[in-house]
Structures are given as C-alpha cells and as structure tokens.
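Here is the structure we will look at, set down as structure tokens.
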Amino acid sequence: MEYKFKEIEQKWQKRWADNGTYRVNEDESRRKFYVLNMFPYPSGAGLHVGHPLGYIASDIYARYKRLCGYNVLNPMGYDAYGLPAEQYAIQTGQHPAVTTAQNINRYREQLDKIGFSFDWNREVRTCEPGYYHWTQWAFQKMFNSYYDNDLNKAQPIADLIRHFEQKGSDGINAAQSEELDFTAGEWNSYDERRKSDILMNYRIAYQGETMVNWCQELGTVLANDEVVEGVSVRGGFPVEQKKMRQWCLRVSAYSQRLLDGLDTIDWSESIKETQRNWIGRSEGTEMVFHVKDSDFKFTIFTTRADTIFGVTFMVLAPESELVAALTASDRKKEVDEYIDKVRKRTERERIADRKVTGVFSGSYAINPLTGEDVPIWISDYVLAGYGTGAIMAVPAHDSRDYAFAKHFGLEIRPLIEGCDVSEESFDAKEGIMMNSPRPDQAGSAGLVLNGLTVKEAIAATKKYVKEHKLGKIKVNYRLRDAIFSRQRYWGEPFPVYYDNGIPKMIPESCLPLELPEIKEYRPTATGEPPLGHAVKWAFDTASDKIVDKSLIDNKTVFPLELNTMPGFAGSSAYYLRYMDPHNGKCLVSPEADNYWKCVDLYLGGSEHATGHLIYSRFWNKFLYDFGYSTVEEPFSKLINQGMIQGRSNFVYRIKDTNTFVSLGLKDNYDTTPIHVDVNIVSNDILDVEAFKAWRPEYNTADFILEDGKYVCGWAVEKMSKSMFNVVNPDVVIEKYGADTLRMYEMFLGPLEQSKPWDTNGIDGCHRFVRKLWNMFFDRNGNVCISDEEPVKDELKSIHKLIRKVTSDIEGFSFNTSVSAFMICVNELSALKCNKREILGILVRLISPFAPHISEELWEILGHNSTICDSNWPECDEKYLVEDNITYSISFNGKTRFTMDFPMDATSGQVQEAVLANDRTQSYIDGKTIRKVIVVPRKIVNIVL
RNA sequence: GCUCGAAUGGUGGAAUGGUAGACACGAGGGACUUAAAAUCCCUUGACCUUUACCGGUUGUGCGGGUUCGAGUCCCGCUUCGAGCACCA
C-alpha cells in the first residue's frame with residue numbers, strides 16, 4: 001500500500017486535537033517533567049526550516065518522557081511585543097496588535113503541520129492583558145522591595161522605611177545606587193519628594209539617572225548598536241550622551257547569587273562562562289586618597305593593591321562627580337573643553353578609537369602610604385560606571401596606565417624584579433616584588449613588600465590597608481542594572497502614575513493597566529513617547545484607577561507613565577505562567593508552582609546568554625525571595641540548539657551577456673556569481689525552465705551545460721530572503737511529510753552545532769520512512785503481520801535498538817538515533833520480519849521522532865489507544881549477548897591474528913579461564929604469551 | 001588581548017582509550033522496465049600489488065609525549081568559529 005503521508009498526518013493531527021491528547025493537568029500521582037522552548041517572536045516572514053529545530057528536539061524528548069510514564073508539560077506561546085511590529089505600524093498605520101495576531105496565526109498554522117505535542121490550551125501571549133497583568137504585578141513588587149545584603153534576599157520596602165523612621169540610614173546594609181547617610185530625625189523631617197528620591201536609591205525597580213544615547217529627532221533612547229559616528233543609523237540624526245531619568249531594575253544586587261547559581265545547574269560550560277564573564281566578579285581593595293591642600297578625599301578601586309608604591313598618577317573618569325571638585329581653577333577651561341569633547345562621543349566610539357586623551361586637573365592626591373604627591377588626571381579610559389570611577393595608575397604594571405604615561409611623559413616605576421618596562425608594561429600577576437621604600441625611609445609606613453611574590457604582596461597590602469583603616473576589601477561586579485524604560489508604544493505600560501511628579505503605583509486591584517489605542521505611533525510633538533498621544537487614557541484611566549481624583553488636578557504633567565517596558569519584561573517569567581496560564585488571581589497558584597516547580601529541560605539559542613537568561617534568572621530569584629516561585633533556579637537543564645544556516649546556490653553569468661555557464665566550466669570565462677532561488681535547484685542541478693520563469697530578465701537566458709545539466713555553485717550563508725536560500729517547512733512537508741522533516745532535521749547533525757540546511761540529504765530520510773511503512777505490507781499491498789514468535793536475530797536487532805535509542809535520547813544525540821533506526825529497519829527487512837511483537841516495539845521507539853506514521857502503524861498493528869498512551873519498551877540485555885567474542889593477538893604491537901572465544905550465553909562471560917578477569921595479566925603458555933590485556937566486550941590484545 | 005568551542009573521505013557526520021570513516025547524501029556500476037518514476041544489489045579515504053582472489057602501505061589540522069594500543073588523554077602550535085572586550 002502506498003504511503004500517503006498527507007492523509008495520515010492530517011488524520012492524526014485532527015485526532016490529537018479533537019481528543020485533547022496532549023492536554024496536561026497537575027497530577028500528584030505521577031512524576032512531572034517540564035520541557036520548554038524559548039517562545040518565538042512571531043515575525044512577518046513566518047517560520048523557516050531552522051526555527052522548528054529546537055521544537056522538534058524538545059518534542060522528541062517530551063514524547064519520550066511521556067512514554068516513560070512522566071506527566072509532561074510541553075507548552076508553547078509567543079513573545080508578542082517587539083520592535084518590528086511597531087516599525088511596521090509607523091510605516092503603514094497598521095495596529096501592531098493586528099499584525100502580531102496575523103503573524104501568530106501564520107506561525108500556528110505552520111507549527112500545527114509539524115505535529116508537536118504542545119498543550120495549546122496553555123498558550124500565552126505577552127501582549128495580552130491577562131498575561132501582562134503579571135508582568136506589571138512583578139514590577140510593582142520590585143518597586144516595593146529593596147535588597148538586604150545581610151539577609152541576602154529582597155525585602156519589603158516598608159521594612160526599610162520603618163528602619164529609617166527609627167534609626168535613619170544607620171545599620172542598613174542594602175543594595176544601593178550611592179552611599180547615603182542620614183539620621184532618623186533627618187528622615188522624618190524630609191518632605192515626600194525627598195523621601196521618594198531616597199527610596200529610589202534602594203528599590204529593586206527604581207528610577208535613576210543614567211547615561212543614554214538620546215536622539216532628539218527620533219525622540220527616543222537608542223541602543224549602542226543603533227548609533228554610528230554620532231548619528232542614528234536610522235535617519236542619520238545627531239545623537240548625544242544624555243543623563244535621563246529611566247526606570248531600572250537592580251539586577252546588580254543579585255550578582256553574587258546569579259554567579260553562585262551557575263554551579264547548581266546543568267548548562268553548557270560555554271554559556272555559564274559567558275554569564276560569569278558578564279557578571280564579571282573581581283575582588284580587590286578600595287583605598288581612600290586625600291587631596292593635597294584640601295579636606296577633600298576620594299576612593300579608588302584596585303585589584304593590585306600590591307602596586308601602591310608604583311603609583312605615579314591618578315585618573316578620574318570624565319563623568320565622575322569628583323571632576324568638578326578636583327579641578328583647580330586655573331585648569332577649569334581646559335578640563336571643561338575636554339569633558340565637552342568626550343561627552344559627544346558614544347561609548348562605542350570611545351572603544352573603537354583608542355587614542356590616548358586626557359587632561360591634568362591641577363590637583364594632587366597624597367599616596368596614603370608614602371605621603372607622596374600624585375598628580376590627578378582626567379581621562380576617558382577610566383569608566384564612570386565601574387568601581388568608583390577613579391583609579392590609581394601604575395604604569396609599570398598596567399598596559400592602559402602605561403600608554404597614558406608614555407603619551408604624557410609621566411614616571412614609570414617598576415616594582416617587580418627583572419621586569420623590563422622600557423617598551424611595554426608588565427601586567428602579569430607574577431614575580432618577586434622590589435622597590436618598596438626602605439623601612440627606615442620616610443614614607444615607608446612600615447609596609448615592605450620586597451621579596452614577596454605578587455600574590456603574597458596583594459594579601460599583605462590588603463591586610464595593611466584594613467588594619468590602618470585606609471580603605472576596605474571590596475568585591476566589584478561588572479554586571480549593571482538593567483534599563484527598563486523604552487520610549488515605545490508596543491510594550492507593557494507601566495502601572496505607574498505621577499502625583500506632583502512623584503511616581504506611585506496604581507493599586508494592585510486595578511491591574512492590569514491596559515495599553516490604549518493610539519492613532520500615531522511616533523513620539524509626540526513635545527517629545528513625549530508615543531503614549532503621549534493617548535491623552536484621554538493618561539488622565540481618565542488614572543482617574544478611574546486612582547480613587548482620589550483630586551490627585552490629578554495639575555494637568556500640565558501626564559499622570560500616567562508614558563514609557564513602556566522593554567522586550568525582556570514579558571519573557572522573564574513566562575515559564576511560571578505556563579504552569580497556570582488562566583489564573584486571574586495570581587501569576588501562578590502555589591499548587592501548580594509546587595507541582596511543576598521549574599523547567600527540567602529548556603531549549604533555545606545561545607544568543608540569549610547575556611540577555612533573557614540573566615534577566616529571567618534574576619526575575620525568578622526575586623520572586624523566589626518572596627515565595628512566589630518555589631525553586632531558585634528556573635531552568636535546571638539548558639540545551640542550546642545550533643542555528644540552521646542557509647545553503648545558497650549560485651549561477652554564473654558571463655559578464656555583459658545573458659549566458660550562464662555551469663559550475664565546472666565557469667573558470668573558462670569571466671563570470672559573475674548570482675544568487676539563485678534554492679527552491680528551483682535540486683541537488684545543485686538548476687531547473688533551467690523554472691529559472692527562465694523566475695525573473696523576466698532571465699526569460700531569454702542561454703546556458704552552457706556540462707553533461708546536459710546546469711550545475712550550481714553553493715555557499716553557506718545566513719538564511720535570509722536576500723540570499724534566496726530560505727526554505728519553508730511547509731514546502732518540505734508538502735513534498736515529504738512532517739515525519740520526514742522531523743527525522744531529517746534531527747539527522748542533519750548534532751543538535752547543539754550550527755549547520756547548513758542541505759536539502760540534498762532529505763531523500764534518504766524519506767526513503768527510510770517509506771521503508772518502515774512497507775514492512776507492514778506484502779507485495780500486493782495487504783497488511784501482512786505475523787503472530788509468530790520472533791527469532792533470535794530479530795530480538796537481538798530490536799533490543800540493540802532499544803538500548804541505543806534510549807541512551808541517545810537521554811544524551812540528546814538524536815542524529816545517531818536516526819541512523820540506528822535505519823540500521824535496524826534494514827536488518828529487519830533483510831530478515832523479512834513482520835512479527836507483531838517486534839514491529840510494535842519498533843514503532844514505539846520511532847514514535848517520538850515520527851509520531852504520525854507511528855500512530856498509523858500502531859493502529860494497523862491492532863491497538864485501540866494512541867501510541868502516546870503506550871509505554872517505552874525496555875531493553876532486555878539477555879538478547880544482546882554475543883555468541884563469541886573476537887580477540888586480536890598482538891605481537892610487538894602489531895596485530896598478528898585473531899581468535900574467537902565462545903561466550904556463555906547467560907553470564908556473558910568468556911569461557912576461558914585465563915581470560916576470566918578484566919584487565920588482568922596472565923601467562924597463557926610459558927613459552928610465548930606473556931601478558932594478556934582483557935577489555936570487556938571489546939577486543940583483547942594478547943601481547944607476545 | 002581574554003574566555004570557550006571546533007578541525008575526521010567529494011558532502012553532512014559516526015566511533016565508553018580497543019578493527020577509524022557507522023548511517024546518509026553524492027558518484028560509479030548493475031538488476032527490473034518499451035521508457036521514466038519507484039525499488040533492489042554491488043563499489044566508493046588515498047596509494048601500492050595482483051588477470052583475479054588474496055595482500056600490503058598510509059591515513060582523523062601540525063609537532064611532541066603517555067600507552068601493548070591515541071581521532072579520543074597530556075604538552076606545545078596552526079587555522080576557523082562564537083562570546084567578551086579600556087572592568088583597574
């Protein structure tokens with residue numbers, strides 16, 4: 001009988017949907033397993049063949065786990081807020097909600113054809129009020145919390161306020177933007193605005209002044225990669241560095257926990273390393289420097305306290321608040337000019353163009369150990385955002401300080417024996433220290449490091465600094481707080497209103513605050529974000545939501561926050577929402593959360609290593625602190641599937657003609673390669689007629705063929721429209737069916753590796769699927785299943801497969817499973833096996849990979865229930881015992897001959913006493929064999 | 001510059017330290033067929049030897065090392081890819 005994949009696949013997809021086969025509920029009597037894919041942003045281009053790779057892999061795992069008896073949660077949804085829909089709206093006026101819904105429908109159509117076991121009943125969309133309710137809720141919780149460094153967790157801000165009222169800032173060890181110092185009396189005397197400002201210093205979601213790339217013309221903040229040479233990429237408008245009040249999340253408070261958590265989860269080492277890098281923990285010393293002839297003092301951060309005797313100048317970041325205080329009056333003009341110049345440059349430009357620049361402030365600091373005067377400079381190689389924005393410069397042992405010193409002719413004082421600093425600095429943290437001032441010298445202050453190793457010297461200096469109260473040991477992190485405001489329309493509105501300019505939360509009972517309709521998606525004429533167009537919304541909603549309408553009498557200021565949240569807001573806790581997606585009372589019920597706990601297997605691209613995967617870990621830790629999430633790390637195992645790249649095809653046009661020459665002959669001509677649509681090329685052979693019809697200009701094209709064919713060239717490139725190398729899964733399914741597509745995507749190569757989509761190999765997988773199908777039918781197309789007892793070889797073949805596929809799936813080695821299926825089907829076909837028992841095992845093993853055909857064949861085998869409700873076959877090792885085992889006998893390292901030794905069928909042991917033990921040395925025959933090395937189940941080398 | 005990966009036939013890729021190249025594609029040959037499609041069988045790393053069978057040499061980016069035995073482990077390179085990058 002013919003394998004009609006289209007009918008079979010439609011039949012089963014319909015049946016699964018009608019019967020709710022993949023609906024899942026919390027069931028305390030069964031073990032749970034939570035499989036999750038990073039949900040997609042539904043783009044207008046639809047899915048290409050690379051998108052489903054991870055979904056297929058996770059679906060295989062989910063189906064496998066289900067057959068193993070687990071209650072599997074395998075949900076899918078959409079990250080629906082995003083820039084493309086908004087930009088499309090600006091161009092066309094089409095509401096982003098409309099385009100997004102269209103795109104989602106298209107995605108769903110495409111996904112449904114692939115035969116996933118998603119529980120669509122649990123779908124979430126981040127742009128729906130029922131969903132973003134909980135994004136807004138979490139934001140409010142963060143606003144109402146601070147991070148207690150002693151307890152190492154987030155706490156209600158009310159506790160902090162109570163502390164301020166009773167004791168002021170004394171005894172507070174909280175994550176903060178800057179160090180504040182006030183008494184209870186002072187706090188109680190502050191007005192509301194002052195109190196609000198102070199609390200912002202501690203809140204986990206806070207408003208802060210941050211440096212941003214501001215584009216006046218576009219009316220928005222731009223990311224660094226949207227700015228080139230001081231102008232916006234889009235439009236070419238000038239961009240300036242500007243301090244702006246923005247909502248931020250105090251992610252940095254969680255730095256240490258984010259770092260420690262990495263040791264508890266099963267992620268790839270490379271992605272953990274990326275995150276460690278991003279968090280950037282560095283342990284060092286903060287030291288206080290007094291300013292000469294002044295009461296002023298400032299703090300620097302260094303990891304090389306040992307180099308204190310090599311300090312020959314200090315450097316401040318241009319943005320540092322210290323600059324104004326430390327600039328001498330006669331240097332003010334030059335300093336101002338320098339600062340002005342620096343301000344115009346974006347951070348990116350600063351990094352790209354590393355010319356040494358700087359200016360002398362006119363002030364001197366006093367080295368706390370030697371009492372020496374040290375000139376204070378200002379330069380943009382010091383960053384305001386890291387450490388204290390000020391450094392002690394040791395040109396001999398830091399390459400950046402070295403470059404600066406060389407450029408401005410400052411002293412370079414080496415501290416390590418035998419190092420040569422005439423050409424470059426000696427940065428390595430190794431060697432023996434020298435050049436400390438002698439103990440009897442003025443300024444030695446009793447610390448002599450000479451003769452110590454760098455490591456010892458760092459420790460000694462730290463100890464000294466601590467004992468003499470010159471500073472303290474400090475851990476710094478590179479991780480910055482996340483800027484959480486966007487001047488956009490298509491995002492979650494902030495549940496925030498302003499009362500005389502003081503931000504306040506809309507009552508929780510009034511959430512969600514819904515996004516209004518607007519007519520114009522650009523910023524307003526007055527420079528407000530797009531939501532500024534929704535004047536009525538901004539006032540009326542506020543008055544609806546806030547009981548006291550008298551709060552909004554001042555109509556010169558919008559009472560609602562007009563910024564929206566960034567893309568990562570909605571994707572930070574969606575895995576929790578899937579557990580209980582329709583709950584209107586809370587993000588997730590404690591019962592559901594307690595059952596599903598965390599994601600057991602998370603699949604997604606590695607491009608989210610420093611974005612989503614940090615933010616959602618932070619978000620979850622925050623929720624965990626308040627008991628809203630039961631597990632501290634949300635994703636216990638992470639697999640990063642590789643990207644599927646495009647495989648482009650080229651034709652070669654002879655210059656200035658309309659003649660195209662085949663690949664093998666192109667070197668005889670002067671040709672230009674031209675991308676050709678991969679859909680009219682098959683196995684690199686061009687469909688010449690389709691090519692002529694492709695574009696009008698090729699209508700009259702001539703061809704120089706080889707062997708009667710036009711052979712195209714190829715290259716691996718990103719899959720994109722402009723390369724004409726996009727392959728749509730629908731087209732593949734139309735031609736081969738979903739089961740073949742699924743098999744082939746897995747067969748293509750290791751899951752975590754990037755690889756090009758090469759349509760050439762798909763025939764092999766299709767052939768395999770058909771071969772499987774044909775095993776169930778005789779020559780006349782009638783079902784031909786036998787109830788005879790399986791023979792030994794059949795049992796052996798199928799149990800080998802059980803063992804292989806089980807371990808492959810557990811190890812995410814899906815490509816080798818597909819090979820194993822092919823081998824097994826070939827073996828069984830050769831044996832003309834049509835035994836019901838064997839085939840039943842076979843289709844169950846294949847079902848996670850090719851669910852439709854498996855269901856159909858399962859039915860043909862006479863089962864009433866779906867294959868999803870069957871169980872995973874178990875391997876019985878007794879069928880795998882070899883009859884005999886071959887040993888190679890080596891002589892001086894060369895294989896001389898091989899011998900077969902019989903094996904005991906029940907014990908699996910070799911029936912030769914002399915070979916009974918593993919890896920033993922034995923003497924077989926006093927004359928010739930000296931040593932026997934036994935490798936179990938494999939080969940035995942007998943060295944003569 | 002730093003960190004992490006990777007390197008195996010014409011191609012995608014297999015190989016708990018134990019017969020390298022499974023499986024698949026492509027290619028070549030053959031069977032069936034009026035023909036095509038489909039299907040099936042054989043060959044397929046390179047080189048040498050042989051009429052043929054048999055047999056041999058060499059071979060996993062490069063150079064060393066450990067081992068009876070290395071694609072695999074260790075040391076030192078080369079190249080490619082990814083990420084971070086003035087982080088004191």
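Bear in mind the structure is a predicted one, so any value in this text is a computation, not a measurement. Every chain is numbered from 1, with letters handed out A, B, ... down the list of sequences.
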(message) Taking the P atom in each of A22(B) and U43(B), what is the distance between them to the nearest angstrom?
(response) 12 Å
(message) Can you confirm whether the side chains of Ser648(A) and Asn725(A) place a donor and an acceptor under 3.5 Å from each other?
(response) yes
(message) Less than 4.0 angstrom between a side-chain N/O of Asn826(A) and OP1 or OP2 of A24(B), yes or no?
(response) yes
(request) Considering just the side-chain nitrogens and oxygens of Ser282(A), establish if one lies under 4.0 Å of OP1 or OP2 belonging to A88(B). (result) yes
(request) Using the C1' atom as the reference point in each nucleotide, state the distance between A88(B) and A6(B) in Å, no decimals. (result) 33 Å
(request) Establish, with yes or no, whether the OP1 or OP2 oxygen of A88(B) is under 4.0 angstrom from a side-chain nitrogen or oxygen of Tyr381(A). (result) no
(message) For Val394(A), run the side chain to side chain contact (heavy atoms under 4.5 Å, CB included) check against Ile412(A), Asp427(A), Thr307(A) and tell me which one passes.
(response) Thr307(A)
(request) Could you tell me the separation between the NZ atom of Lys771(A) and the P atom of C40(B), rounded to a whole number of Å? (result) 5 Å
Close N/O contacts between protein and nucleotides 25-29 of chain B (under 3.5 Å):
from   : atom 1 : to        : atom 2 : distance (Å)
C25(B) : OP1    : Arg767(A) : NH1    : 2.5
C25(B) : O2'    : Asn760(A) : O      : 3.3

(request) Can you tell me, in whole Å, how much space there is between the C1' of U51(B) and that of G61(B)? (result) 41 Å
(request) Using both distances under 3.5 Å as the test, list the Watson-Crick or G-U wobble partner of C2(B), or none. (result) G83(B)
(request) Between G21(B) and A35(B), how far apart are the P atoms? Round to whole Å, please. (result) 39 Å
(request) For A22(B), give its Watson-Crick or G-U wobble partner with both distances under 3.5 Å, or none. (result) none
(message) Heavy-atom nearest nucleotide on RNA chain B for Asn815(A) versus Ser819(A): which residue maps closer to 5'?
(response) Asn815(A)
(request) Please check if any side-chain donor atom of Thr816(A) sits under 3.5 Å from a side-chain acceptor atom of Ser819(A), or the reverse. (result) no
(message) Can you see whether Asp687(A) engages Tyr710(A) through a side-chain donor-acceptor pair at a distance of less than 3.5 angstrom?
(response) no
(request) Between U39(B), A15(B), C23(B), spot the one nearest the side chain of Arg770(A), thanks. (result) U39(B)
(message) When both hydrogen-bonding distances must be under 3.5 Å and the geometry is Watson-Crick or G-U wobble, what is A70(B) paired with, if anything?
(response) none
(message) So Pro750(A), base contact, sugar-phosphate only, or nothing? Heavy-atom distance under 4.0 Å.
(response) sugar-phosphate
(message) Taking the ring centre of each residue, are Phe404(A) and Phe313(A) less than 6.0 Å apart?
(response) yes
(request) State the pairing partner of U57(B); accept Watson-Crick or G-U wobble contacts with both distances under 3.5 Å, and report none otherwise. (result) A46(B)
(request) Please check if any side-chain donor atom of Glu827(A) sits under 3.5 Å from a side-chain acceptor atom of Ser797(A), or the reverse. (result) yes
(request) Could you tell me whether G9(B) is syn or anti, where syn means a glycosidic angle within 90 degrees of zero? (result) syn
(message) Tell me the interatomic distance from Leu322(A), atom CG, to A88(B), atom P, rounded to whole angstroms.
(response) 19 Å
(message) Assess, by modelled atom type and distance only, whether the side chains of Asp481(A) and Ser252(A) contain a donor and an acceptor separated by less than 3.5 Å.
(response) yes
(request) Please state how far atom NE2 in His397(A) lies from atom P in C86(B), giving the value in whole angstrom units. (result) 23 Å
(message) Counting only Watson-Crick pairs (N1-N3 plus N6-O4 or O6-N4) and G-U wobbles (N1-O2, O6-N3), all under 3.5 Å, who is the partner of U39(B)?
(response) A31(B)
(request) Can you sort out the partners of Lys272(A) under side-chain hydrogen bond (donor to acceptor under 3.5 Å, both in side chains), two or more places apart, ordered by chain and number? (result) none
(message) I want to check one thing: is the phosphate of G12(B), taken as OP1 and OP2, less than 4.0 Å away from some side-chain N or O of Gln753(A)?
(response) no
(request) State the pairing partner of A7(B); accept Watson-Crick or G-U wobble contacts with both distances under 3.5 Å, and report none otherwise. (result) U78(B)
